[in-house]
Protein chains: 2
Amino acid sequence: MTDVAPPDRQTLAIRSAERTLLVLEVISRNRRRTSLAGIARDTGLDKSAVQRCAATLVSAGYLRQTADHKLELTPKCLELGYNFLISNALMERAYRVLMRLRREVGERINLSLFAGSYLVYAMRLTGKGEWELPMSLVGRRMPTYCTAGGRAMLSKLSDDEVLRVLETSTLHRRTPMTLTSPALILDAVRTARADGYAVVSGEAVAREIAIAAAVTDSHGKPIAAVHVSSELSRWDKAAFADHFAEPIVSAAGRLSFDAVPVDHARS
Amino acid sequence: MTDVAPPDRQTLAIRSAERTLLVLEVISRNRRRTSLAGIARDTGLDKSAVQRCAATLVSAGYLRQTADHKLELTPKCLELGYNFLISNALMERAYRVLMRLRREVGERINLSLFAGSYLVYAMRLTGKGEWELPMSLVGRRMPTYCTAGGRAMLSKLSDDEVLRVLETSTLHRRTPMTLTSPALILDAVRTARADGYAVVSGEAVAREIAIAAAVTDSHGKPIAAVHVSSELSRWDKAAFADHFAEPIVSAAGRLSFDAVPVDHARS
DNA sequence: CCAGGCCGTATCGGGCTGCGATACGGAACA
DNA sequence: TGTTCCGTATCGCAGCCCGATACGGCCTGG
């Protein structure tokens, strides 16, 4: 009986470390403080395994246990995001470009980063006269399929790639307006591809309209999106696009990395 | 020869997971993109070990490798910080309290969290008429021993505890004004303890003056600090304290958690 | 042009370390 | 007071990680 299971360990990844990161992620997603046994249920891991993983994360400083033996994240978790932001080349240039865009349009500006089936907020500038939110949204996850930023980024992929992203997404009807059919979403992406920007109204958040343009890397692949959002009551869709498309597309272009020449010429 | 080394594995922590988190931390701190061999040097780990750890972090989504085989953080790193912020009870109440304080004083407001020998920025509200920084400082680490926030938090500990924190800190002379002697720092902490707030001028950053008050948990232990900073040229030290001490102390008090009764009475 | 060094990648057998079962004490609840 | 669930600690086995090694590609310099 030595031939029982195909080992198929293709990856170099370390099992116990993977499980430890999984535990961290589950705790991170659970808004409420989590008990040890609860994590065992959520992850499908053994109780002993969770115990060891949690002890590792506590000793590394990412978790602490409260007085009632629950587990919660520590401020150290903030550092990782900060270090990402300051070490990222895109963020460096985004500073000036977004400030200028903010002066031009006077509305709330967002920059979010492409991560496949979802995107992550990375920067936010409040609109003129708008209350500043101390609780910034940096790090918040939004789906790709139903947001202006997501549509704009998808428009820089081929149809095949778009469909592959949609396959890995759960197409949830977030509002009555949300498109949940891959074919219809692909149509919207094609429109965005032709226009150079994407406008989405009321699909991700009810009564909100948003416009976005994609930032691309040196291969033309999407890495981020610049977007402006406002209330649907304040703008007609066409007027909204007329007003914001040009500055946003221009800013996204300035943020994009120049394409590398396709030939292999040397200097 | 079976009695060679005392195993002394006191902790439950998993070795390989600890090393994987160490690799992530080293990459996170290195502002520049890091090569695999470089990490091996920085961590003191075997090349193979780093290879496996990095592969684990890549497959978990926290790292990606660039075209030139360097390693860098991914946007996923932002999510951890976001989840910390929105799941933290202190942040929830800080929203309103800091907004009110901002209206009262009109200056830049910060909230940072206690983490022993250092503190972590968690919230920032820009001052009136001040340029908003798109690159927020949330997640940035500052030392405890030479900052107003740090001194205010230390003032809520006993002298012994203060000295223990200072022992684990590297007391670096950041400016010509920085106090680097534990005895002198302890004196400053005692002053802060008597006043209920801490004023530090030019010790962490040259030509900057800052004032802070500590936020405490239900046991009276420091968990955070509210601080306001400005340029040393604009304020005299006494005038600065006169002007900001009361509103900051008041805001920190509203943020603090009520003390639990010391007896064990049941309802 | 080639030799040398450095780096990233893949493989492999041995031994140690993580795995999971088990047990115990305390808290919450009925 | 009995029951149940949870957090914690322990232990022997074997599966998995460890670290050495080898290979190929890329620069650098002679």
Side-chain angles (χ1 to χ4, degrees), chain A residues 1-24 26-27 30 32-60 63-72 264 266-267, chain B residues 1-24 26-27 30 32-60 63-72 260 264-267:
Chain A
M1 300 285 281
T2 62
D3 53 349
V4 266
D8 80 338
R9 304 228 346 104
Q10 300 291 39
T11 164
L12 275 213
I14 303 170
R15 261 173 99 98
S16 57
E18 268 180 333
R19 300 207 280 192
T20 303
L21 292 171
L22 177 65
V23 167
L24 180 61
V26 165
I27 294 175
N30 277 9
R32 204 57 223 139
R33 287 195 193 92
T34 332
S35 72
L36 221 158
I39 302 161
R41 272 190 300 271
D42 291 351
T43 58
L45 295 178
D46 194 74
K47 191 172 68 167
S48 298
V50 176
Q51 181 188 10
R52 280 190 298 267
C53 292
T56 307
L57 291 164
V58 168
S59 96
L63 293 183
R64 68 159 73 109
Q65 44 189 205
T66 62
D68 57 345
H69 299 270
K70 301 288 177 72
L71 292 164
E72 63 177 11
H264 311 99
R266 303 289 279 270
S267 61
Chain B
M1 303 277 284
T2 62
D3 53 348
V4 265
D8 80 339
R9 303 231 343 103
Q10 301 290 39
T11 163
L12 275 213
I14 303 170
R15 260 171 98 101
S16 58
E18 267 181 333
R19 300 207 279 192
T20 303
L21 293 172
L22 177 64
V23 167
L24 179 61
V26 165
I27 293 175
N30 277 10
R32 204 57 225 138
R33 286 194 193 91
T34 331
S35 72
L36 220 157
I39 302 162
R41 273 191 299 272
D42 291 351
T43 58
L45 294 178
D46 194 73
K47 191 172 67 165
S48 298
V50 176
Q51 181 187 10
R52 280 190 298 267
C53 293
T56 307
L57 290 164
V58 168
S59 96
L63 293 182
R64 68 160 74 109
Q65 45 188 206
T66 62
D68 56 344
H69 298 270
K70 301 289 176 72
L71 293 164
E72 63 178 12
V260 289
H264 310 99
R266 303 290 278 273
S267 61

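In what follows, chains carry the letters A, B, and so on, assigned in the order in which the sequence lines appear, proteins first and then strands, with residues in each chain numbered from 1. Here the structure is a predicted model, which is why all the values come from computation and not from measurement.
At the phosphate of D:dT8, OP1 or OP2 sits under 4.0 Å from a side-chain N or O atom of A:His69. When the side-chain nitrogen and oxygen atoms of B:Arg52 are compared with OP1 and OP2 of D:dC17, none of them lie within a distance under 4.0 Å.
Side-chain atoms of B:Asp46 lie closest to D:dA20 of the nucleotides D:dT8, C:dG8, D:dA20. Across D:dC6, D:dT10, C:dG8, the shortest atom-to-atom separation from the side chain of B:Leu36 is found for C:dG8. The listed nucleotides are D:dC17, D:dT8, C:dT9; the one nearest the side chain of B:Gln51 is C:dT9. Picking from C:dG18, D:dC18, D:dC16 the nucleotide with the shortest atom distance to the side chain of A:Arg15 gives D:dC16.
B:Glu18 and A:Ser59 form a side-chain donor-acceptor contact under 3.5 Å, judged by distance and modelled atom types alone.
Heavy-atom minimum distance, B:Ile14 versus A:Ser16: CG2-OG, 3.7 Å.
When rounded to the nearest whole Å, the span between CZ of B:Arg64 and P of C:dG8 equals 18 Å. Atom pair A:Leu71:CG and D:dG7:P shows a separation of 8 Å (rounding to whole Å applied). What separates NZ of A:Lys47 from C1' of D:dG7 is a distance of 7 Å, to the nearest Å. Distance B:Ile39 CD1 to C:dC7 P: 12 Å, rounded to the nearest Å. For the pair A:Ile14 CD1 and D:dG19 P, the computed distance is 10 Å after rounding to whole Å. With rounding to whole Å, B:Arg33 atom CZ is found 19 Å from C:dC7 atom P. Separating the CG atom of A:Leu12 from the C1' atom of C:dT9 is a distance of 8 Å, rounded to the nearest angstrom.
Counting non-hydrogen atoms under 4.0 angstrom, A:Ser48 reaches a base of the nucleic acid.
Residues A:Gln65 and A:Ser16 each lie close to DNA chain D; by heavy-atom proximity, the contact nearer the 5' end of the strand is made by A:Gln65. For the pair A:Ala49 and B:Asp68, both in contact range of DNA chain C, the more 5′-proximal nearest nucleotide belongs to B:Asp68. In terms of position on DNA chain C, the residue among A:Cys53 and B:Ser35 whose nearest nucleotide sits closer to the 5' end is B:Ser35.
Side-chain contact check for B:Val23 versus B:Leu57: some heavy-atom pair is nearer than 4.5 Å. Side-chain contact check for B:Thr56 versus A:Leu12: every heavy-atom pair is 4.5 Å or farther apart. The side-chain heavy atoms of A:Val50 and A:Thr43, taken from C-beta on, include a pair separated by under 4.5 Å.
Donor-acceptor pairing under 3.5 Å, judged by distance alone, is absent between the side chain of A:Arg19 and the base of C:dG18.
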